[in-house]
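This report concerns only the one structure given below.
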Amino acid sequence: MAAVGQLAAGVAHEIRNPLTSMKGYAEFLQLDEKDPERIEFLNIILDEIERVNNIVEDFMVLAKPKDVELEEKNIVSIIKNVVSLLEFEARKNHVCIHLDYDLDIIQIICDENRLKQVFLNIIKNGIEAMPNGGDLHVRMRIHENNVHISIQDTGVGIPKDKLNKLGDPFFTTKKNGNGLGLMVSFKIIENHNGKVFVESKPNKGTTFNIFLPTRST
């Protein structure tokens with residue numbers, strides 16, 4: 001996948017050029033279009049263009065795993081920020097997010113934006129795994145020289161035979177997913193010298209256990 005990521009980086013410019021043109025002309029056609037059916041078709045085209053662009057972005061993360069901006073940050077603040085961004089979506093889906101932590105400040109060395117991408121992806125997946133609503137628990141605990149972040153939903157769960165495939169390219173349990181989100185998330189955690197363990201039982205829920213090194217004092 002590293003080779004595929006490097007290939008994607010090499011052709012990203014060539015991919016984005018036609019995408020930009022297609023998006024521009026589709027938006028131009030929207031301006032004077034009055035036919036509802038044609039408007040719907042144009043919206044579908046624009047959505048698909050955006051989807052392709054997001055796939056290219058995901059591959060770019062794989063292609064440049066070392067291109068991170070490492071700084072000392074408070075992981076509690078980072079996750080609080082992510083939860084606040086997803087509060088509306090959670091309420092809309094009748095999901096209650098519970099945030100629990102022992103310390104207000106847990107310092108780690110990280111690329112804040114990359115980690116936000118990870119937690120946004122996993123928490124959003126948890127919300128989507130509960131189509132009838134439920135509870136999502138986000139907990140942070142110090143475990144030896146690591147911070148243990150667990151993200152636990154009460155959703156549909158993942159069958160055992162599919163659990164080991166999580167993070168594989170293009171493997172997904174979602175109807176409209178492409179599998180790249182978790183693959184990129186796992187790679188980001190790996191680049192932070194962290195580890196991810198996933199536990200799940202069908203109709204019981206799924207827990208993502210993420211371990212990241214804390215700042216040495």
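- Side-chain contact between M22 and I45 is absent, with no heavy-atom pair separated by less than 4.5 Å.
- The local environment of CD in E72 is crowded, with over 12 non-hydrogen atoms from other residues, nucleotides or ligands closer than 6.0 Å.
- For the pair I142 and I106, the minimum side-chain heavy-atom distance is below 4.5 Å.
- When atom types are taken as modelled, the side chain of T214 and the backbone of N145 share a donor-acceptor pair closer than 3.5 angstrom.
- Taking CG from L19 and CD from E48, the interatomic distance works out to 11.5 Å, rounded to the nearest 0.5 Å.
- Using a distance-only test at 3.5 Å, with no hydrogens or angles considered, a donor-acceptor pair links the side chain of E33 to the main chain of D35.
- Taking the side chain as every heavy atom from C-beta outward, I188 and S185 never approach each other to under 4.5 Å.
- Between N146 and K195, the closest side-chain pair of non-hydrogen atoms is not below 4.5 Å.
- Screening D153, I123, V196 against F208 for a side-chain contact (heavy atoms from CB on, under 4.5 Å) leaves a single residue, V196.
- Atom-to-atom distance recorded for D104:CG and S77:OG is 8.5 Å, nearest 0.5 angstrom.
- Taking the six-membered ring where the residue is Trp, H148 and H143 present perpendicular rings, their angle passing 60° and hence far from 30°.
- What you find for V156 and P131 is that their closest heavy atoms are CG1-CD, 4.2 Å.
- The pair E89-K92 does not meet the salt-bridge criterion, since no charged nitrogen lies less than 4.0 angstrom from a carboxylate oxygen.
- Once rounded to the nearest 0.5 Å, the distance linking CD1 of I122 with CD1 of I127 reads 12.5 Å.
- Listed by chain and number, the residues in a side-chain contact (heavy atoms from CB on, under 4.5 Å) with K80 are V76, L99, Y101 (sequence neighbours excluded).
- A heavy-atom distance below 4.5 Å is not found between the side chains of T206 and N125.
- The line from SG of C96 to CZ of R91 is 10.0 Å long, rounded to the nearest 0.5 Å.
- Both L85 and L115 are assigned to one and the same hydrophobic cluster, defined by single-linkage of ILVMFWY side chains at heavy-atom distances under 4.5 Å.
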- Message: Is there a side chain to side chain contact (heavy atoms under 4.5 Å, CB included) between L46 and K23? Walk through the geometry before answering.
- Response: CA-CA 6 Å; L46 286 168; K23 183 179 180 182; 3.8 Å; yes

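- Not a single donor-acceptor pair under 3.5 Å links the side chain of D111 to the backbone N or O of H192.
- The backbone N or O of Q107 sits nowhere less than 3.5 Å from a side-chain atom of N74 that would complete a donor-acceptor pair.
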- Any chance you could lay out the side-chain hydrogen bond (donor to acceptor under 3.5 Å, both in side chains) test for E128 and N93, step after step, and finish with the verdict? CA-CA 8 Å; E128 292 173 356; N93 289 276; over 6 Å; no

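- Although no hydrogens or angles enter the test, the distance criterion places no donor-acceptor pair under 3.5 Å between the side chain of T207 and the main chain of I151.
- Of all heavy-atom pairs between L42 and A26, the closest is CD2-O, 4.0 Å.
- Of all heavy-atom pairs between K73 and C110, the closest is CB-SG, 3.8 Å.
- Heavy atoms from other residues, nucleotides or ligands lying under 6.0 Å from NE2 of H94 number 12 at most.
- To the nearest 0.5 angstrom, L103 atom CG is 13.0 Å from I75 atom CD1.
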- Would you check, one step at a time, whether the test side-chain hydrogen bond (donor to acceptor under 3.5 Å, both in side chains) holds for D100 with H137? CA-CA 8 Å; D100 183 29; H137 293 269; over 6 Å; no

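- Atom CZ of R141 sits in a crowded spot, with more than 12 heavy atoms from other residues, nucleotides or ligands closer than 6.0 Å.
- Between the side chain of N121 and the backbone N or O of Q117, no donor-acceptor pair lies under 3.5 Å.
- Grouping the Ile, Leu, Val, Met, Phe, Trp and Tyr side chains by contacts below 4.5 angstrom, directly or via other members, places F211 apart from I149.
- Between the side chain of T154 and the backbone N or O of D135, at least one donor-acceptor pair lies under 3.5 Å.
- The CD1 atom of I189 sits 5.0 Å away from the CZ atom of F119 when rounded to the nearest 0.5 Å.
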